[in-house]
Amino acid sequence: MSKVSVVIPALNEEQPIASVVRECLATGMPGEVIVVDNGSTDRTAERAREAGARVVTAPRGYGRACAAGVRAVSPESDIVLFLDGDGSDIPAFVRQLVEPIAHGTHDFVIGSRTRGRRELGSMNFQQILSGRVAGWIMQLLYGVRYTDMCPFRAIRRDALAKLDMREETYGWNLEMQMKAARAGLRILEIPVNHRRRAGGESKVSGTFRGTFVAGTRIVATLVRVATSRKE
Ligand SMILES: Nc1nc2c(ncn2[C@@H]2O[C@H](COP(=O)(O)OP(=O)(O)OP(=O)(O)O)[C@@H](O)[C@H]2O)c(=O)[nH]1
Ligand SMILES: [Mg+2]
């Protein structure tokens, strides 16, 4: 039977984090939930621990947090699942993301919020458009169909290790999608529903600075990976 580790990057998410962890554990799928808290100034780590997560730390940055989470995964795990710590990804979909990998038909299963049902205000126009545009570009580059840069995704651990992930901030999600496609992994995209964050403050899409920093990093990632040689 496959063992699943959940990795949740969380920065100042003391309000939503406990229910995200509990909802993940309630699915009965994960063997462990790892919350990566880098520099929260609130009680994110404490709340995550109380809810049953293992908490690890890393230097600031979304990609660094995800990478630190992967390094902390228990050696027996063969599937790593990622989701955000703000309550916007719906853990009830964990099973649908994990099963195709557990059954051996796919290596990488990614949610698509644009193909799922979205609570009003849960994604803004730039997020929807940038996910679609990135998808079209990756279709041209690799012939793979993606419709979102959804953070909610599961991947075989050994396949992830071979992708040689480098992005330290918001390019991480796109880098994984590009490298998975380039490596010829068996990829499946499934619609997932999406909610508004369950409290706390937006770091990315809800602020001008966050949108600008993330947008710049995403474009840089696209160019870097598209023009780099397959390792
Ligand atoms: N560990 C860590 N987590 C981060 C960092 N930046 C963002 N996050 C987490 O990454 C996830 C995505 O950030 P959000 O602020 O929700 O960004 P968003 O989804 O574009 O914005 P919302 O619309 O407000 O949800 C959340 O779980 C954040 O707590 C970081 O530097 N380190
Ligand atoms: Mg969010």
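This chain uses plain numbering: 1 for the first residue, then up along the sequence. Both ligands and their constituent atoms are indexed starting at 1 by order of listing. Predicted model, so just to flag it, every value in this text is computed and none were measured.
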Counting each atom of ligand 1 from 1 as listed, which ones have a heavy atom of Glu13 under 4.0 Å away?
26 (C), 27 (O), 28 (C), 29 (O)

Hey, looking at atom 24 (O) of ligand 1, which of Ser202, Gly85, Ala58 has the closest heavy atom?
Ser202

Option whose closest heavy atom lies nearest to atom 31 (O) of ligand 1, chosen from Ala68, Pro9, Gly61, Pro151
Gly61

Is it the case that atom CD in Glu201 sees more than 12 heavy atoms from other parts of the structure closer than 6.0 Å?
no

Is there a donor in the side chain of Glu167 and an acceptor in the side chain of Thr221, or the other way round, less than 3.5 Å apart?
yes

What are the atoms of ligand 1, with element, lying closer than 4.0 Å to any heavy atom of Val36?
1 (N)

Any idea which protein heavy atom is nearest atom 4 (C) of ligand 1, and the distance to it?
Leu11 CB, 3.6 Å

Could you tell me whether the side chains of Asn38 and Tyr62 share a donor-acceptor contact shorter than 3.5 Å?
no

Rounded to the nearest 0.5 Å, what's the gap from CZ on Arg156 to NZ on Lys162? Could you check?
6.5 Å

So, using side-chain contact (heavy atoms from CB on, under 4.5 Å) as the criterion, who are the partners of Ala181 when residues are at least two apart?
Tyr142, Val144, Tyr146, Ile187

Say whether Ser228 and Arg166, considering side chains only, have a donor N or O and an acceptor N or O under 3.5 Å apart.
no

Nearest-contact summary for atom 13 (O) of ligand 1 - protein heavy atom, Å:
Val204 CG2, 3.8 Å

Contact atoms of ligand 1, heavy-atom distance to Asp84 under 4.0 Å
11 (C), 12 (C), 27 (O)

Flag side-chain contact, heavy atom, 4.5 Å: Val35 against Ile17:
yes

Are any of the N/O atoms on Arg197, whether in the backbone or the side chain, positioned under 3.5 angstrom from an N/O atom of ligand 1?
yes

Can you check whether Asp86 has an N/O within less than 3.5 Å of an N/O in ligand 1?
yes

Taking only heavy atoms of Ala65 into account, list the atoms of ligand 1 that are under 4.0 Å away from them.
1 (N), 2 (C)

Hydrogens and angles aside, do Arg153 and Gln177 bring a side-chain donor and acceptor to less than 3.5 Å of each other?
yes

Examine Asp86 and say whether one of its N/O/S atoms is closer to the Mg ion (ligand 2) than 2.8 Å.
yes

Distance to 0.1 Å, residue and atom name: give those for the protein heavy atom nearest to atom 15 (O) of ligand 1.
Lys203 N, 2.6 Å

Per-residue contact class, Tyr170 against ligand 1 - non-hydrogen pairs under 4.0 Å:
side chain

Can you confirm whether the side chains of Glu13 and Thr44 place a donor and an acceptor under 3.5 Å from each other?
no

Starting from atom 3 (N) of ligand 1, what is the nearest protein heavy atom, named by residue and atom, and what distance separates them?
Ala10 N, 3.4 Å

Is any side-chain heavy atom of Leu174 less than 4.5 Å from a side-chain heavy atom of Met138?
yes

Please confirm whether Ser88 comes under 4.0 Å of ligand 1, counting heavy atoms of the residue only.
no

For atom 2 (C) of ligand 1, which protein heavy atom lies nearest, and how many Å away is it?
Asn38 OD1, 2.8 Å

So the atoms of ligand 1 within less than 4.0 Å of a heavy atom of Ser205 turn out to be 18 (P), 20 (O), 21 (O), 22 (P), 23 (O)

Flag for Thr147-Glu189: side-chain donor and acceptor within less than 3.5 Å
yes

